[in-house]
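First the structure, in the form of structure tokens, and then the observations on it.
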Amino acid sequence: MTHPLIPQIIELATPVAEQLGLEVVTAVFHTHESPPILRVDIRNPASDTSLDDCERMSKALDTLLDESDLIPDAYILEISSPGISSELSSDRDFVAFKGFGVTVATAEPFQGHQEWSGRLVRRDEGAVYLNQKGRVMKIPRSLVTQVRLADGV
């Protein structure tokens, strides 16, 4: 379950990231930790996300969060980049991970399945293309809800 402050945190973090040439990917507030940990994942759309990107975002967002008093109690702010198991979303992701194993989830069954696995061929305006043992599957993009890197495909 998403913490109720996450939408407000993303709303604060997004313009900060944009000013730094970055994107906010997701945020999670681990309140079961002591002190709680607010983790914000960022991505540099122009290149690999660096430690410098994380440091710049951390300093800028930390100041803004302190000024906003959105989180009144003590917490730890962690800025990182999403791991390799992350969801593919941008055109850059689909180009960078061409040939990698992926799992595609659909909103409703397509040809009897709501989940497809294979090697990523490409994505265009109309579909996501997977190679399944030499056979290319064309999954309508309008049905696709998620594309994630997969293990052992």
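Values below: every heavy atom of this structure, side chains too, minus hydrogens, waters and symmetry copies. Because the structure is a prediction, the values reported are computed rather than measured.
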Linked, directly or transitively: [X] and [Y] (ILVMFWY side chains, under 4.5 Å):
{"X": "Val25", "Y": "Leu64", "answer": "no"}
{"X": "Ile139", "Y": "Tyr129", "answer": "no"}
{"X": "Leu70", "Y": "Ile79", "answer": "yes"}
{"X": "Leu5", "Y": "Ile37", "answer": "no"}
{"X": "Val28", "Y": "Tyr75", "answer": "no"}

- Task: Check step by step if side chain to side chain contact (heavy atoms under 4.5 Å, CB included) holds for Phe29 and Ile71.
- Result: CA-CA 11 Å; Phe29 200 15; Ile71 307 169; 3.9 Å; yes
- Query: So, Asp91 and Arg123, do they make that salt bridge, N to O below 4.0 Å?
  - Reply: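 Arg123 and Asp91: salt-bridged.
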- Message: Whether Arg43 and Asp41 form a salt bridge (side-chain N of Lys/Arg under 4.0 Å from carboxylate O of Asp/Glu) is what I want to check.
- Response: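 Looking at Asp41 and Arg43, the cut-off is not met.
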- So how far is it from Arg119 CZ to Lys133 NZ, rounded to the nearest 0.5 Å?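 Answer rounded to 0.5 Å: 11.5 Å.
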Specify the closest pair of heavy atoms between [X] and [Y], including all atoms of both residues, with the distance to one decimal.
{"X": "Ser81", "Y": "Arg39", "result": "O-NH2, 4.0 Å"}
{"X": "Leu77", "Y": "Ser58", "result": "CD2-O, 3.8 Å"}
{"X": "Leu120", "Y": "Phe94", "result": "CD2-O, 3.6 Å"}
{"X": "Gly21", "Y": "Pro45", "result": "O-CD, 3.4 Å"}
{"X": "Leu12", "Y": "Pro15", "result": "O-CD, 3.5 Å"}
{"X": "Ala74", "Y": "Pro36", "result": "O-CD, 3.4 Å"}

Under a 4.5 Å cut-off applied to non-hydrogen side-chain atoms, are [X] and [Y] in contact?
{"X": "Arg122", "Y": "Val128", "value": "no"}
{"X": "Ile42", "Y": "Cys54", "value": "yes"}
{"X": "Phe97", "Y": "Val102", "value": "no"}
{"X": "Met137", "Y": "Gln111", "value": "yes"}
{"X": "Thr106", "Y": "Thr145", "value": "no"}
{"X": "Phe100", "Y": "Leu88", "value": "no"}
{"X": "Leu38", "Y": "Leu65", "value": "yes"}
{"X": "Leu20", "Y": "Met57", "value": "yes"}

- Would you check if the side chain of Glu78 reaches a backbone N or O of Val40 as a donor-acceptor pair within less than 3.5 Å?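 Side chain of Glu78 to backbone of Val40, a donor-acceptor pair under 3.5 Å: no, none is there.
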- Task: May I ask you to decide if Ser117's main-chain N or O and Thr103's side chain share a donor-acceptor pair within less than 3.5 Å?
- Result: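 Side chain of Thr103 to backbone of Ser117, a donor-acceptor pair under 3.5 Å: no, none is there.
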- Crowding at CG, Asp48 (>12 non-hydrogen neighbours, <6.0 Å):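 Result for CG/Asp48: open.
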- Query: Is the number of heavy atoms from other residues, nucleotides or ligands within 6.0 Å of CD (Glu11) greater than 12?
  - Reply: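 12 or below, so no.
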- What do the steps show when you test Thr31 against His3 for side chain to side chain contact (heavy atoms under 4.5 Å, CB included), and what is the final call? CA-CA 8 Å; Thr31 55; His3 190 278; 3.5 Å; yes
- Task: Determine, stepwise, if the pair Trp116 / Gln132 fulfils side chain to side chain contact (heavy atoms under 4.5 Å, CB included).
- Result: CA-CA 9 Å; Trp116 295 85; Gln132 292 185 311; 3.7 Å; yes
- Message: I'd like to know if the side chain of Ser50 pairs up with that of Asp53 as donor and acceptor (distance under 3.5 Å, no hydrogens or angles considered).
- Response: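 A donor-acceptor contact under 3.5 Å links the two side chains.
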- Query: Given the rule in the side chain to side chain contact (heavy atoms under 4.5 Å, CB included) test, do Leu130 and Val121 qualify, once you have shown the distances and angles that lead to the verdict?
  - Reply: CA-CA 5 Å; Leu130 297 183; Val121 175; 5.7 Å; no
